[in-house]
Asks: 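Input: one structure, supplied below.
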Amino acid sequence: MNNLPEKTNRKRTRPSNNTMQMASLEHGKLQPQALDLEEAVLGAMMLEKEAVNTAIDILQPKSFYKDAHQKIFAVIQDLFQKSEPIDLLTITNTLKQNGELETVGGPYYITQLTNRVASAANVEFHARIIAQKYIQRELIRISTEIITDAYDETTDVFSLLDKAESGLFGVTEGNIRKSYDSMSTLIRDAIKQIEQAKGHEGNVIGVPAGFTDLDRMTSGWQPSDLIILAARPAMGKTAFALTLARNAAVEFGKGVAVFSLEMSSIQLVTRLISAESELSSGKLRSGNLRNDEIEQIHAKIGDLAEAPIFIDDTPGISVFELRAKARRLKSQHDIQLLVVDYLQLMTAGGDGSKGGNREQEISTISRSLKSIAKELNIPVIALSQLSRAVESRGGDRRPQLSDLRESGSIEQDADMVMFINRPEYYGLTEDEEGNSTLGLANIIIAKHRNGAVGDVGLKFTKELAKFGDLESYEFSEGGKDNGFNSLPVSDEFDQGNTITRSSRMDDDFSSGGDDHVPF
């Protein structure tokens, strides 16, 4: 007897086919919607071309609550992309060809939409309200998924945090992921990019490196690329990365985020001040400065102080935390370049750090960095250590892709792999032809997914930890050619100290070894 009311209640609350709507009704709530405004916007788009131009940039098919309205807007969007007329007849005919005319309510319903509005004057205001309702529904969906996963004891909390922030970031940016792009859209975007590249001075279409020959070879750091910069300790990885960050921010006004896991923010800034003021970092650390040198510092760091460089020195940062901070920096400061110093000091966090070895964790980190580059559509430069195999190698000790430490997946995930090689570091003061290598730094592009590979010669001032172009190093004191200007030059480039080879993924970069560039 006591169980009868309970059975009756279960029968009364049994869900219907539309579970979500029924659940909302039980709690006295409906999904956010504005059906009258959806009808008004669709009607206005069928009446005036200007209304189409306005609403098409604000809305997408999923912005509409009613399924019929989604289909009608999708047809309008398709006609717009094909530059065909958009009116009552063309929409009705297209829906008929697609077999969806009766699904949306037939010709009568479409005709009624044009009677819902007398003018398209307020179409932008109405469209933005529809978009807001869609965002509210997305927030409800994401929150519901988060709550469900949070109650699941098997869910990894760090993965859940990343999923939550990723979903909310997508809503904030108005950029909910699409499942695919049509070939016509991609062709149009590719042609637009090609035309923009043609108009760029010096053919640098990405974030400039600030070095003439390097920019000529790479065309700048490209959006969504993962660039690995690797070298042995004390070779100048951090100095080179800081120079790249400084050039992009100071010379070209690009926002740059630097995540330093090895050095503190103050140490990095001290290095930047040293390079900018041309005073040794030793002097700056000791404070052994004359009054005129203090004035020299203040005179030269003005541009650096105003540069859009953002430094985070959180030690042992995980990929999840880095992703979250990078998203915020992109949203708040529109960063165009992200630098990580260095990859092996990061932790995978979440599932990537459980039940696996260090090599698997590094693989997770490198894949995540590539994912961040694609998601934010910015180049990511990640510094990496090389194994000791370089030290035991004879000759010029030229690094190879196989020297990348702890994971073969780094070279696979990377769009570009660069090495720094300073012969002077190994006590090699002359090359095979007898040319001086003092102050010479070779930037070796060992893998370039979208371009040529080869070497770029730069000068390195050890006292200032500063890299620069070789132009001022053309001749030594006695007027004798010091060798920097004798570097072989590819026919592809008309000037500069560059050695290039065609981009072959199976090319051998050793002098007779069997290390091949992976895809």
Side-chain angles (χ1 to χ4, degrees), residues 226-242 244 259-263 267 271 315-317 339-348 352-353 356-367 369 381-414 416-432 437-448 453-458 460 462 465 467 499 506-518:
L226 172 61
I227 300 112
I228 298 295
L229 174 63
R232 289 294 293 156
M235 192 65 71
K237 294 188 301 296
T238 302
F240 187 59
L242 281 179
L244 295 177
F259 288 87
S260 174
L261 288 79
E262 186 176 34
M263 299 176 65
Q267 288 174 321
R271 280 197 174 195
I317 193 171
V339 179
V340 179
D341 183 16
Y342 59 90
L343 189 150
Q344 280 81 6
L345 292 180
M346 293 183 65
T347 60
S353 59
N357 57 30
R358 180 58 177 164
E359 183 173 339
Q360 291 172 331
E361 187 175 13
I362 292 295
S363 298
T364 300
I365 293 169
S366 66
R367 284 195 303 271
L369 290 176
I381 299 177
L383 278 59
S384 176
Q385 290 281 21
L386 290 178
S387 68
R388 290 189 177 91
V390 181
E391 309 287 348
S392 60
R393 188 174 296 128
D396 58 1
R397 293 181 172 86
R398 183 184 177 91
Q400 302 173 0
L401 286 169
S402 59
D403 297 326
L404 284 170
R405 190 172 173 182
E406 292 182 315
S407 177
S409 68
I410 295 176
E411 59 193 78
Q412 296 173 15
D413 295 326
M416 184 186 299
V417 177
M418 298 189 300
F419 300 122
I420 303 176
N421 184 36
R422 292 194 294 114
E424 183 183 2
Y425 175 84
Y426 298 109
L428 304 174
T429 58
E430 292 184 350
D431 61 18
E432 295 177 353
T437 59
L438 297 177
L440 172 66
N442 286 319
I443 307 301
I444 303 167
I445 301 179
K447 176 186 177 182
H448 193 184
V453 298
D455 295 5
V456 174
L458 298 177
F460 178 70
K462 185 163 59 174
F467 287 81
I499 309 168
D506 59 349
D507 200 6
D508 188 352
F509 292 100
S510 65
S511 57
D514 56 357
D515 295 292
H516 298 286
V517 183

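One-based numbering along the sequence shown.
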Asks: May I ask you to test the Leu383-Glu262 pair for a side-chain heavy-atom distance under 4.5 Å?
Replies: no
Asks: Would Leu229 and Ile443 count as a side chain to side chain contact (heavy atoms under 4.5 Å, CB included) if you check the C-alpha gap in whole Å, the side-chain angles of each, and the deciding distance to 0.1 Å?
Replies: CA-CA 9 Å; Leu229 174 63; Ile443 307 301; 5.6 Å; no
Asks: Kindly compute the distance separating CE (Met346) from CD1 (Ile362), expressed to the nearest 0.5 Å.
Replies: 9.0 Å
Asks: Taking all heavy atoms of Ala239 and all of Ala465, pick out the closest pair and write down the distance.
Replies: CB-O, 3.4 Å
Asks: Which of these, Asp413, Leu343, Ile410, sits in a side chain to side chain contact (heavy atoms under 4.5 Å, CB included) with Leu369?
Replies: Leu343
Asks: Taking all heavy atoms of Arg398 and all of Ile444, pick out the closest pair and write down the distance.
Replies: NH2-CG2, 3.3 Å
Asks: Taking the side chain as C-beta and beyond, is there a heavy-atom pair between Leu244 and Ile381 under 4.5 Å?
Replies: yes
Asks: To the nearest 0.5 Å, what is the distance between CE (Met418) and CD1 (Ile228)?
Replies: 9.5 Å
Asks: Please report the shortest heavy-atom distance between Gly457 and Leu440, naming the atom on each side.
Replies: CA-CD1, 4.3 Å
Asks: Is the backbone of Gly439 close enough, under 3.5 Å, to the side chain of Glu424 for a donor and an acceptor to pair up by distance?
Replies: yes
Asks: Distance check, rounded to the nearest 0.5 Å: His448 atom NE2 versus Ile227 atom CD1?
Replies: 8.5 Å
Asks: Minimum heavy-atom separation for Phe419 to Leu386, with atom names?
Replies: CE2-CD2, 3.7 Å
Asks: Which residues satisfy the side chain to side chain contact (heavy atoms under 4.5 Å, CB included) test with Gln267, sequence neighbours excluded?
Replies: Met263, Ser264
Asks: Could you pull out all residues at least two apart from Phe467 that satisfy ring-ring contact (aromatic ring centres under 6.0 Å, His included)?
Replies: Phe240, Phe460
Asks: Has Gln385 got a side-chain atom pairing as donor or acceptor with Gln344's backbone, closer than 3.5 angstrom?
Replies: no
Asks: Would you give the length of the straight line joining atom CZ of Arg422 to atom CG of Leu458, rounded to the nearest 0.5 angstrom?
Replies: 12.0 Å
Asks: What is the minimum heavy-atom distance between Thr347 and Ile365, and which atoms define it?
Replies: C-CD1, 3.9 Å
Asks: For a quick test of reading the model, state the closest non-hydrogen atom pair linking Lys237 to Ile420 and the distance between them.
Replies: CA-CD1, 3.9 Å
